[in-house]
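Below: one structure, written as structure tokens.
In the text below, chain A, chain B and the rest are named by the order of the sequence lines, each starting its count at 1. FYI, side chains are in, hydrogens and waters are out, and symmetry mates aren't considered; it's all heavy atoms of this structure.
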Amino acid sequence: MTNLHIKQDSPVLPPQVVRERQQAAQRRKLWFYLALFGVALVAPLAVYPIFLMKLLCFALFACAFNLLLGYAGLLSFGHAAFFATGGYITGYLLSEYSGLGTELGILAGTLASAVLGLLFGLLAIRRQGIYFAMITLALAQLVFFIFVQAPFTGGENGLQGVPRGQLLGLFDLNDNLTLYYFVLAVFIVGFAVIQRTIHSPYGQVLKAIRENEPRAISLGYNVDAHKLLAFVISATLTGLAGSTKTVVFQLASLTDAHWHMSGEVILMTLLGGVGTVLGPVVGASVVVTLQSYLSNGPLGEWVHVILGVIFVTCVLLFRVGIVGWVLKLAKRNF
Amino acid sequence: MSPEFVLETRGLTKEFRGFTAVDSVDLRVQKGHIHALIGPNGAGKTTVFNLLSKFLAPTSGEIIYQGKPITGLQPNQIARLGLVRSFQISAVFGHMSVMENVRVALQRKLGNSFHFWKSERSLEALNERALQMLDEVGLLEFADTLTIELPYGRKRALELATTLALDPAVLLLDEPTQGMGGEDVEMVIGLVRRAAVGRTVLMVEHNLSVVSQLCDRITVLARGAILAEGDYASVSANPLVREAYLGSEAAVIEEAGA
């Protein structure tokens with residue numbers, strides 16, 4: 001090419017160096033995750049297991065939500081519906097059929113959320129931005145009122161005393177420690193599914209769609225169908241989180257289906273850092289920790305105010321969230 | 001033997017709330033040509049372009065591509081048939097590497113775009129081809145750069161490489177040199193000329209010097225209708241065209257034709 005005379009721009013590193021750096025980063029990441037896994041294994045020795053399980057369930061919920069918002073660019077305001085559906089279906093089945101394995105109960109709840117996700121998605125996916133958010137909110141409110149009225153949900157009381165049952169007929173989940181390791185395994189599976197989705201051939205196309213939708217269309221991709229898949233995966237994993245939560249607390253209630261819950265998961269994700277891998281986990285940890293510590297103390301009635309202040313501060317001062325902010329610092333200093 | 005038309009419109013019309021932006025346009029693009037669509041501001045060039053690429057639906061009229069009507073198809077469907085468009089604002093995927101930009105275009109033919117359970121590594125088989133495409137537009141050394149860091153001219157080159165990765169039969173280029181300085185314009189002219197080998201190109205272009213250098217055939221639009229058609233010499237000599245451009249751009253024609 002002889003007529004290429006563009007002024008030189010920022011120095012370009014040779015591909016060799018770039019690859020080596022990427023590999024080194026990969027290794028560091030692996031060690032980091034192993035360390036986290038180690039901490040998770042010993043954590044119940046130091047911290048109340050029920051609290052840790054709550055944290056893991058909400059972390060999975062936020063991660064599933066982040067897949068949609070951070071990687072597909074879709075803001076759903078109706079994720080409570082999936083969280084609650086998983087919980088109610090699992091709770092109902094485990095209460096009604098005492099011989100049912102807990103794993104099957106959770107699986108059924110998860111599948112129900114997947115189906116509901118497909119339905120919501122088909123209705124909402126053609127709209128964008130605020131319209132998309134509003135349609136998901138409206139549909140979730142519809143689901144909320146179904147749960148208020150339907151005979152199997154226990155109305156205002158919810159489903160209480162859901163038996164935890166046995167895992168594969170082998171492990172008694174009434175033991176908190178056993179249940180903790182089961183919940184940890186569920187979280188890791190859900191987290192791994194999200195990781196794989198992000199780093200898959202599909203993930204590449206999803207990223208392209210988020211970056212420039214018209215361009216992705218002009219490359220021949222059916223954008224709506226790809227978004228729909230992201231929505232269904234997100235709804236499925238949200239259902240998994242809700243089902244697991246019901247087993248942990250032996251409770252499925254209207255709180256899970258209320259739009260507050262949809263708002264809360266948005267808060268967790270934004271606080272931790274949308275579009276980052278660990279952001280939702282950190283965000284969920286912060287919110288859940290604050291809620292449980294504050295509600296037991298003298299500030300109990302102020303929980304929502306305090307969370308609100310933290311949220312506003314976060315949005316105003318570091319929009320990239322906690323993890324996004326840490327990553328930025330790390331990038332600048334290394 | 002009559003020439004073969006790869007892309008045709010018949011009575012193509014687009015109205016926006018009573019305003020007729022495109023008025024019964026019969027456009028015929030001959031296979032192998034570089035065909036330009038020019039006209040003063042507001043002539044409906046971009047609307048025609050968006051109709052052809054299916055980003056807008058026509059009010060009436062027909063679009064025929066390779067002998068078959070494509071009027072009712074979705075934009076992603078016509079891309080699969082080999083009719084691929086570019087955009088006025090350089091349309092690249094900013095937070096992906098330069099190589100990944102091209103690879104995501106190559107990926108479509110693998111048909112694995114819904115495979116969320118597979119590793120990204122399954123795409124590495126495409127890397128070599130992607131790098132080859134980058135080499136052709138002089139971007140090989142930037143392969144691992146984050147696209148958002150590229151200068152404007154290079155983004156356009158990348159966009160073209162991405163488009164060519166689909167191996168389209170017809171390229172629709174929307175003002176490929178818009179917002180560029182002299183050297184970049186030269187570069188894009190070179191790129192388009194090379195990309196047009198064995199293909200048909202239809203471009204909307206403001207820069208008449210680019211049109212005069214590149215195009216085999218020119219259609220002039222004014223007020224949504226075709227005003228004149230022919231090669232550069234005949235079109236620029238046409239008094240109707242000169243009148244349409246009078247004031248704002250008459251001088252430009254003179255200059256470019258000289």
A:Gln204 and B:Glu120 side chains, donor-acceptor separation under 3.5 Å: yes
Chain A interface, residue from B:Phe55, B:Phe114, B:Phe87 that has the most non-hydrogen pairs under 4.5 Å: B:Phe114
Chain A contact via B:Ala143 - which portion, at a heavy-atom distance below 4.5 Å: neither
Choice from B:Leu83, B:Leu110, B:Thr163 maximising heavy atom contacts with chain A below 4.5 Å: B:Thr163
For B:His115 against A:Pro201, the heavy-atom pair lying closest together: O-CD, 3.5 Å
Atom NZ of B:Lys109: over 12 foreign heavy atoms under 6.0 Å: yes
Closest heavy-atom pair and its distance - B:Val92, A:Asn212: O-ND2, 3.8 Å
Side-chain heavy atoms of B:Asn76 within contact of A:Val223, under 4.5 Å: no
Top contributor to chain B interface from A:Ala230, A:Ser218, A:Ala225, A:Ala216 [non-hydrogen pairs under 4.5 Å]: A:Ser218
Under 3.5 Å: donor-acceptor pair, side chain of A:Tyr221, backbone of B:Arg108: yes
Chain B contact via A:Ile198 - which portion, at a heavy-atom distance below 4.5 Å: backbone
B:Glu159 versus chain A, the contacting section by heavy-atom distance below 4.5 Å: both
Exceeds 12 heavy-atom contacts within 6.0 angstrom, atom CZ of B:Phe16: yes
Any donor-acceptor N or O pair under 3.5 Å, side chains A:Ser200, B:Arg121: no
Student check: side-chain heavy atoms of B:Ser113 and A:His226 closer than 4.5 Å: yes
B:Phe93 and its side chain to side chain contact (heavy atoms under 4.5 Å, CB included) partner, picked from A:Lys207, A:Arg210, A:Arg215: A:Arg215
Shortest non-hydrogen separation from A:Arg196 to B:Phe116 and the atoms involved: CG-O, 3.5 Å
Closest contact, heavy atoms only, B:Ala79 versus A:Ile217: CB-O, 4.2 Å
Greater than 12 external heavy atoms within 6.0 Å of A:Phe32's CZ: no
